[in-house]
Amino acid sequence: MTVQETIRKISFFNNLNDEQIELIASISNVSKYPNKSILYYESDISKNLLFLVEGLIKIYKVDKFDNEIFLYHIYKNSMISELTSMNDNDIYCFSNAEFTEDSIILSVNFEKFQEIFLSKNILTMELLEILLKKTHQLQCIVNRELVFDATAKVAFMLNQDLEMFNKLKRQEVSFMLHIQPETLSRVLKRLTRKETISIQNGEVIITNKEDLISIFKGIGV
């Protein structure tokens, strides 16, 4: 796959014409990473705008006791980088990023991207939209960690990311939500008794989406 073909797989660049795609390709490169490898560590500084073309990334922090604190996943066709300024060519990393699948990354030189595109008001709205979504994602993390109880945490993940919930082992889900496995089991049984969900062959199926949303709606959202 050429760099140009890789760029076309990222929806962020959908509105660019062929000439602009060539310009992006001239300031970009594509890299492959194996599962379990690290993309960056907290406090690293990058000069490139990063996009996940294929694969899956886990974003996490480490507390003072060396405990891993899961934050969120980044899925394919997504921008990875967290921008804090349009006037600084350095992109700071505020967490750790680890691949949980074999993955492909598109790296775009941020300084040249600003000069060629953003300075001409090209892709600025697309970038703003991504940054707003990242802000909302941060709000969701705050709710999950500081506001939601265990039931709300589980309901929120089932509503927002059912595919990932079913893909992971229950112990992994518990770790992500920072609750005990026994607590997760009790919540799932309670939701099943209420007929909010059903569990078939180990997979959760949402049977009453309105009831599920009502569990966390209005609690810090």
Pair E111 + K47: basic N to acidic O under 4.0 Å
no
Short question: side chain of S103, backbone of F99 - any donor-acceptor pair under 3.5 Å?
no
Is a side-chain N or O of S174 found less than 3.5 angstrom from the main chain of E172, in a donor-acceptor match?
no
Within-4.5 Å side-chain heavy-atom neighbours: Y33 and L39:
yes
Minimum side-chain heavy-atom gap N77-F51 below 4.5 Å:
no
So L127 and M79, do their side chains get closer than 4.5 Å, heavy atoms only?
yes
Would you mind reporting whether F117 and T124 have side-chain heavy atoms less than 4.5 Å apart?
no
Can you list the steps and then say if F70 with Y60 is a ring pair (Phe, Tyr, Trp, His ring centres under 6.0 Å)?
CA-CA 4 Å; F70 170 79; Y60 66 97; 8.9 Å; no
Verify, without hydrogens or angle tests, whether N208 (side chain) and T196 (backbone) share a donor-acceptor contact under 3.5 angstrom.
no
When rounded to the nearest 0.5 angstrom, what is the spacing between CZ in F13 and CD1 in I24?
4.5 Å
Keeping the roles fixed (side chain from S26, backbone from L23), state whether a donor-acceptor pair exists under 3.5 Å.
yes
Quick one: sort the F216 and F156 rings into parallel, tilted or perpendicular, breaks at 30° and 60°.
perpendicular
